[in-house]
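All residue numbers in this chain count up from 1 along the given sequence. Please read these numbers as outputs of a predicted model, since none were measured by experiment.
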Amino acid sequence: TYVNPTFCVMMGYPKEELIGDSLEKLLDNENRKTLEQQLKLRRQGHDEKYEMAWTSSDGQKINTIVSPRPFFDEEGNFAGSFAVVTDITARKEAEQEVIKTQDYLQQIFNSIHSMLITVEPNGMVTRWNEKTEAFTRIPSEAAEERYVWEFIPFLSKYKQTMQAVAENGDRVEFLKESMEKEFVNFF
């Protein structure tokens, strides 16, 4: 068997401790099962990439993408395999940070005590907050990827204003009294 120096550094073990030893010492139960399943698939000739988390010598989780390649002899019998293991730990951590940030921003978005609707330049709803849901009685998910004037028809007269705001980044405030009158008449 063979392990390259990069894998040894990634796992925190000298090459001598890894060669000839089972990879299972580097895996928790869930990832052992993943490896077993993937080895069965490899024996059948499958070579699809998959994600797996390893445990380094200091107990740290190392998230990876495994790119396997099975080998077969002249008669078509499985003769072994080779895999490239790529560390994606930093990417996974960044993905988690993005999710946390999105959740945080969604909490801020929903905490605003005014109706807040975000739309694309063409008027397509990307989201609206809980205040808008309560007022319209339409869940945000039902409004997403539909035009805002499908739900609030009188907003269609503001199409050009919304497009200008989206294109220029200008801020527009509608007169509260005017909007309230139109909302009252609409709802």
Next on the checklist: Membership question, hydrophobic clusters at under 4.5 Å side-chain separation (ILVMFWY): are I65 and I62 in the same one?
Outcome noted: no
Checklist entry - Should the heavy atoms of other residues, nucleotides or ligands under 6.0 Å from NZ of K25 be counted, would the total exceed 12? => result yes
Next on the checklist: Can you list everything that forms a side-chain hydrogen bond (donor to acceptor under 3.5 Å, both in side chains) with E144? Sequence neighbours excluded, please.
Outcome noted: S140
Checklist entry - salt bridge (Lys or Arg N to Asp or Glu O under 4.0 Å) with K100: which residues, sequence neighbours excluded? => result E97
Item to check | Minimum heavy-atom distance K49-P68, with the two atoms named | outcome: CA-CD, 4.2 Å
Checklist entry - Tell me, do K61 and D28 make a side-chain contact under 4.5 Å, heavy atoms counted? => result yes
Checklist entry - Side-chain heavy atoms under 4.5 angstrom apart, residues restricted to Ile, Leu, Val, Met, Phe, Trp, Tyr: same cluster for L18 and V84? => result no
Checklist entry - Atom CD in E133, atom OG1 in T136: separation rounded to 0.5 Å? => result 7.0 Å
Checklist entry - Out of curiosity, does M52 fall in the hydrophobic cluster containing I88 (side-chain heavy atoms, cut-off under 4.5 Å, transitive links)? => result no
Item to check | All pairs passing ring pair (Phe, Tyr, Trp, His ring centres under 6.0 Å) where residues 67-87 contributes a residue, at least two apart | outcome: F72-F78
Checklist entry - Which pairs pass ring pair (Phe, Tyr, Trp, His ring centres under 6.0 Å) with one or both residues in residues 28-64, sequence neighbours excluded? => result F7-W54
Checklist entry - N31 side chain to A53 main-chain N or O, any donor-acceptor pair under 3.5 Å? => result yes
Checklist entry - Residues sharing I112's hydrophobic cluster, by side-chain heavy-atom contacts under 4.5 Å among ILVMFWY, directly or via others? => result F109, L116
Item to check | Backbone of N63 reached by a side-chain donor or acceptor of T89 within 3.5 Å | outcome: yes
Next on the checklist: Just to verify, what does R91 make a salt bridge (Lys or Arg N to Asp or Glu O under 4.0 Å) with, not counting sequence neighbours?
Outcome noted: E51, E95
Checklist entry - Side-chain contact, heavy-atom cut-off 4.5 Å: D47 with R69? => result yes
Checklist entry - Should L23 and L39 be regarded as members of a common hydrophobic cluster, given that ILVMFWY residues are connected when their side-chain heavy atoms come within less than 4.5 Å of each other, either directly or indirectly? => result yes
Next on the checklist: How long is the straight-line distance from OG1 of T34 back to CG of N29, given to the nearest 0.5 Å?
Outcome noted: 11.0 Å
Checklist outcome for this item: Applying side chain to side chain contact (heavy atoms under 4.5 Å, CB included) to A94 and not counting sequence neighbours gives none
Item to check | Sequence neighbours excluded - side chain to side chain donor-acceptor pair (under 3.5 Å) pairs with any residue from residues 5-19 | outcome: none
Item to check | Residue list, side chain to side chain contact (heavy atoms under 4.5 Å, CB included) with E24, at least two apart or on another chain | outcome: S22, R32, E36
Checklist entry - Is the number of heavy atoms from other residues, nucleotides or ligands within 6.0 Å of CD (Q44) greater than 12? => result yes
Item to check | Test side-chain hydrogen bond (donor to acceptor under 3.5 Å, both in side chains) applied to E93 - qualifying residues, sequence neighbours left out | outcome: none
Item to check | Point-to-point distance, once rounded to the nearest 0.5 Å, from NZ of K33 to CD of Q38 | outcome: 15.0 Å
Checklist entry - Is there a donor-acceptor pair under 3.5 Å between the side chain of W128 and the backbone N or O of I138? => result yes
Checklist outcome for this item: On a heavy-atom basis, the closest approach of A143 and V125 is O-CB, 3.4 Å
Checklist entry - Is L41 reachable from L35 through a run of I, L, V, M, F, W or Y residues, each pair having side-chain heavy atoms under 4.5 Å apart? => result no
Checklist entry - What are the two closest heavy atoms between S81 and P70, and how far apart are they? => result CB-CA, 3.9 Å
Item to check | With T118 via side-chain hydrogen bond (donor to acceptor under 3.5 Å, both in side chains) - residues at least two apart | outcome: T126
Checklist entry - Side-chain contact, heavy-atom cut-off 4.5 Å: V119 with Y147? => result no
Checklist entry - What is the minimum heavy-atom distance between Q106 and R127, and which atoms define it? => result OE1-NH1, 2.8 Å
Checklist entry - Can you list every pair that meets ring pair (Phe, Tyr, Trp, His ring centres under 6.0 Å) and has a residue in residues 17-41, with sequence neighbours left out? => result none
Next on the checklist: Minimum heavy-atom separation for V85 and V66, please, with both atom names.
Outcome noted: CG2-CG2, 4.4 Å
Next on the checklist: If we count only N and O atoms by modelled type, under 3.5 Å, do the side chains of N129 and T132 hold a donor and an acceptor together?
Outcome noted: yes
Next on the checklist: Is it the case that atom CD in E48 sees more than 12 heavy atoms from other parts of the structure closer than 6.0 Å?
Outcome noted: yes
